[in-house]
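All values below were derived from every heavy atom in this structure, side-chain atoms included, with hydrogens, water molecules and symmetry-related copies excluded.
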Amino acid sequence: MDKFASGPNYGPVLTTTDLYLLGCELALHPILTHSFGGFHLILNLASGHAGGYNPANKDQDLELAHGNEPATIPRVQELHIICRLAPWHTHIKNPTGVTVADFCTAVGKQYSESFITDAELETLPSRTRDQVRRAAQNAQQIYGAPGWGGGMGYYGSPSPGGNGQRLSRSAWLRDRIFFDGLEQDHEFSIKHLGFKASNIFCMQVTS
């Protein structure tokens, strides 16, 4: 039996305290590392949509496969996702065990439905701020994403630019709006969050 297949016949779902006390490492579902032979995940961070394709037939778009399977073995109640190109971290919770679908939903919403604050935007060089604004406009035009002016989920004051313009967090990534796998990077975890843990993973992104 596939160890990642959904079902009740696996070990307990571990809390963060359990992970710390046991000192165990987590194995990621191969879909989340792009190493699953039958399905290649495409998670668009500008639209929040998750789908994919079979590498043997790349011309046929597929709905999210294996979404109800655990994101890790052992199963865990919480995952933390960080990204080298963005200042935010996504905290994913599921008391029955975080699934592949939980990951896609939480990360998709983090970047497509939440917005950049004015203070965050001001940390970027002027040229980069302009690139972020253009990326938000493109997302709105292409995906209908709430990347420029519309949509819900805004936290903080409107980003600079006038007319109440609001920039989705995916725009921070500019053209790198597609998920490209998870990996562990303890050195970056410490730099970004101030600590490391086996349930913290770094998300790679690509254009």
Next item on the list: Under the salt bridge (charged side-chain N to carboxylate O under 4.0 Å, His left out) rule, collect the residues that match up with Asp180, sequence neighbours excluded.
Entry: none
Notebook entry, point to check: What distance do Met203 atom CE and Thr90 atom OG1 have between them, rounded to the nearest 0.5 Å?
Noted result: 6.5 Å
Checklist line | Separation of Ile73 CD1 from Leu14 CG (nearest 0.5 Å) | finding: 10.0 Å
Check: Can Leu124 be reached from Val205 by stepping across I, L, V, M, F, W or Y side chains whose heavy atoms are under 4.5 Å apart?
Finding: yes
Next item on the list: List the steps and the verdict of side chain to side chain contact (heavy atoms under 4.5 Å, CB included) for Arg129 and Glu122.
Entry: CA-CA 8 Å; Arg129 289 199 298 269; Glu122 282 298 316; 4.1 Å; yes
Next item on the list: Identify, with sequence neighbours excluded, every residue that meets side chain to side chain contact (heavy atoms under 4.5 Å, CB included) alongside Leu193.
Entry: Ile82, His89, Phe195, Ile200
Notebook entry, point to check: Which heavy atom in Ser47 sits nearest to a heavy atom in Ser112, and how many Å separate them?
Noted result: C-CB, 3.9 Å
Next item on the list: Identify the two heavy atoms, one from Leu64 and one from Gly67, that lie closest to each other, and give their separation to 0.1 Å.
Entry: CD2-CA, 4.2 Å
Check: With sequence neighbours excluded, what pairs up with Asp130 under the salt bridge (charged side-chain N to carboxylate O under 4.0 Å, His left out) test?
Finding: Arg133
Next item on the list: May I ask you to test the Val13-Asn94 pair for a side-chain heavy-atom distance under 4.5 Å?
Entry: no
Check: With a 4.5 Å heavy-atom cut-off, do Ser198 and Val76 have their side chains touching?
Finding: no
Margin query: To the closest 0.5 Å, what do you measure between NE2 (His80) and NZ (Lys196)?
Written below: 15.5 Å
Margin query: Just to verify, what does Glu25 make a salt bridge (charged side-chain N to carboxylate O under 4.0 Å, His left out) with, not counting sequence neighbours?
Written below: none
Notebook entry, point to check: How far does OG1 of Thr72 sit from CG of Asn199, to the nearest 0.5 angstrom?
Noted result: 8.5 Å
Item checked: Residue pair Phe188 / Cys202: nearest heavy atoms and the distance that separates them -> CD2-SG, 4.1 Å
Note to self: I'd like to know if Tyr20 and Leu26 are part of one continuous hydrophobic network [Ile/Leu/Val/Met/Phe/Trp/Tyr, side-chain heavy atoms within less than 4.5 Å].
What the structure shows: no
Note to self: Lys93: which residues meet the side chain to side chain contact (heavy atoms under 4.5 Å, CB included) condition with it, sequence neighbours left out?
What the structure shows: Glu78, His91
Note to self: Surrounding CZ of Arg174 (heavy atoms of other residues, nucleotides or ligands, distance under 6.0 Å), is the total greater than 12?
What the structure shows: yes
Notebook entry, point to check: Does the side chain of His34 reach to within under 4.5 Å of the side chain of Leu41, using non-hydrogen atoms?
Noted result: yes
Check: Mind checking whether Asn44 and Ile177 have side chains closer than 4.5 Å, heavy atoms only?
Finding: yes
Item checked: Partners passing side chain to side chain donor-acceptor pair (under 3.5 Å) against His29 (at least two apart in sequence or in another chain) -> Glu69
Notebook entry, point to check: Which is it for Phe179 and Val107 under the side chain to side chain contact (heavy atoms under 4.5 Å, CB included) test, yes or no, and what are the steps along the way?
Noted result: CA-CA 9 Å; Phe179 168 75; Val107 172; 6.0 Å; no
Item checked: Trp88 side chain to Glu120 side chain, donor-acceptor N/O pair below 3.5 angstrom -> yes
Checklist line | Donor on one side chain, acceptor on other, Thr105 and Asp102, under 3.5 Å | finding: no
Item checked: Where Leu43 and Gly48 come nearest, the two heavy atoms and their spacing -> CD1-O, 4.2 Å
Item checked: Minimum-distance pair of heavy atoms, taken over all atoms of Phe201 and Leu79 -> CE1-CD2, 3.9 Å
Margin query: Side chains of Val100 and Phe4, heavy atoms from C-beta outward: is any pair under 4.5 Å?
Written below: no
Next item on the list: Find the distance between OG (Ser170) and CZ (Phe178) and round it off to the nearest 0.5 Å.
Entry: 10.5 Å
Checklist line | Approximate separation, where rounding is to 0.5 Å, of Arg84 CZ and Glu183 CD | finding: 4.5 Å
Notebook entry, point to check: Does Arg169 reach the side chain of Glu113, with side-chain heavy atoms less than 4.5 Å apart?
Noted result: no
Next item on the list: For the residue pair Ile116 and Ser168, establish whether any side-chain heavy-atom pair is separated by less than 4.5 Å.
Entry: no
Next item on the list: Taking all non-hydrogen atoms of both residues into account, name the closest pair between Asn54 and Gly37 and its distance.
Entry: OD1-O, 4.3 Å
